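Taking it in order: structure first as structure tokens, then the write-up.
Only a predicted model underlies this, so the values are computations on that prediction, with no experimental measurement involved.
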Amino acid sequence: MAFAGVLNDTEVTAALEQCKAADSFNHKTFFKTSGLAGKTADEVKKAFAIIDQDKSGFIEEDELKLFLQNFKSGARVLTDAETKVFLKAGDTDGDGKIGAEGMDSG
């Protein structure tokens, strides 16, 4: 698992199970169940770096769509609607992408 040492496998599995169905993903619920919500700023930066596949310093819409696959290969892709809601929640400056400061439990 890409998040070994940062997240608990059991919590990640439970979080993925909660959002298996299309359009059932809720970032706040996922962050809480997976354990991401309770992590330190340093641990959140590690998680951000894993999700930022192209190492641009931002999580763009295409990377966000594949968010769940960072936790388990073969996990589903987020729907367009889920991706847009998630992006809007994390895009603090309206530039269409998430910077490291946008990766929190909010």
Side-chain angles (χ1 to χ4, degrees):
M1 180 176 84
F3 289 95
V6 179
L7 298 175
N8 175 297
D9 286 350
T10 304
E11 291 173 338
V12 169
T13 299
L16 289 169
E17 190 62 32
Q18 286 179 334
C19 61
K20 255 172 60 171
D23 294 316
S24 65
F25 177 78
N26 176 293
H27 67 280
K28 289 182 182 182
T29 302
F30 187 88
F31 278 44
K32 183 177 179 188
T33 304
S34 70
L36 266 175
K39 296 300 174 189
T40 66
D42 240 17
E43 291 168 320
V44 170
K45 284 180 186 174
K46 286 180 189 173
F48 183 90
I50 293 167
I51 298 163
D52 180 18
Q53 295 287 315
D54 65 3
K55 306 301 177 213
S56 66
F58 297 95
I59 298 173
E60 293 87 12
E61 190 169 348
D62 59 333
E63 292 169 323
L64 203 55
K65 192 176 251 323
L66 304 175
F67 177 77
L68 297 177
Q69 294 178 356
N70 289 290
F71 295 88
K72 182 179 177 186
S73 66
R76 74 177 180 87
V77 172
L78 294 180
T79 65
D80 288 343
E82 290 169 322
T83 303
K84 288 187 186 321
V85 168
F86 196 7
L87 182 62
K88 185 177 179 185
D91 182 8
T92 56
D93 60 6
D95 65 356
K97 53 192 175 185
I98 300 173
E101 74 287 345
M103 275 294 295
D104 61 21
S105 59

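One finds the CZ atom of Phe48 at 11.0 Å from the NZ atom of Lys45 (value rounded to the nearest 0.5 Å). The line from CG of Leu87 to CG of Asp80 is 12.0 Å long, rounded to the nearest 0.5 Å. Here the CG-NE2 distance, from Leu36 to His27, works out to 12.0 Å after rounding to the nearest 0.5 Å. Between atom CG of residue Leu66 and atom CD1 of residue Ile59 there is a gap of 11.5 Å, rounded to the nearest 0.5 Å. To the nearest 0.5 Å, atoms CG (Asp23) and OG1 (Thr79) are separated by 3.5 Å. Between the CD atom in Glu17 and the OG atom in Ser24 there is a gap of 10.0 Å [rounded to 0.5 Å].
Formation of a donor-acceptor pair under 3.5 Å by the Asp91 side chain with backbone atoms of Gly96 is found in this model. Put simply, the side chain of Glu61 never gets that close to the backbone of Lys84: no donor and acceptor are under 3.5 Å apart. Remark: the backbone N or O of Lys97 is not paired with any side-chain donor or acceptor of Glu60 at under 3.5 angstrom. Judged by distance alone, the side chain of Lys65 and the main-chain N or O of Leu78 form a donor-acceptor pair under 3.5 Å. Proximity of a side-chain donor or acceptor of Arg76 to a complementary backbone N or O of Leu68 within less than 3.5 Å is not detected.
Counting all heavy atoms, side chain and backbone alike, Leu7 lies closest to Lys39 at CD2-CE, 3.6 Å. Annotation for Thr10 and Asn8: closest pair N-OD1, 2.7 Å, computed over non-hydrogen atoms. Closest of all the heavy-atom pairs between Phe58 and Gly99 is CD2-CA, 3.8 Å.
Side-chain contact check for Asp42 and Thr40: no donor-acceptor pair (N or O, by modelled atom type) lies under 3.5 Å.
Hydrophobic clustering of Ile, Leu, Val, Met, Phe, Trp and Tyr side chains at less than 4.5 Å, counting indirect connections, unites Ile50 with Phe86. Placement of Ile51 and Val12 within a single hydrophobic cluster is found when ILVMFWY residues are connected by side-chain heavy-atom separations under 4.5 Å, directly or transitively.
Judged as a ring-ring contact (aromatic ring centres under 6.0 Å, His included), and not counting sequence neighbours, the contacts of Phe30 are Phe25, Phe67, Phe71. Every residue two or more places apart in sequence or in another chain was checked for a salt bridge (charged side-chain N to carboxylate O under 4.0 Å, His left out) with Glu63, and none qualifies.
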- [ ] Determine, stepwise, if the pair Gln53 / Asp62 fulfils side-chain hydrogen bond (donor to acceptor under 3.5 Å, both in side chains).
- [x] CA-CA 10 Å; Gln53 295 287 315; Asp62 59 333; over 6 Å; no
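With respect to Glu43 and Lys46, no salt bridge is recorded, no charged nitrogen being found less than 4.0 Å from a carboxylate O.
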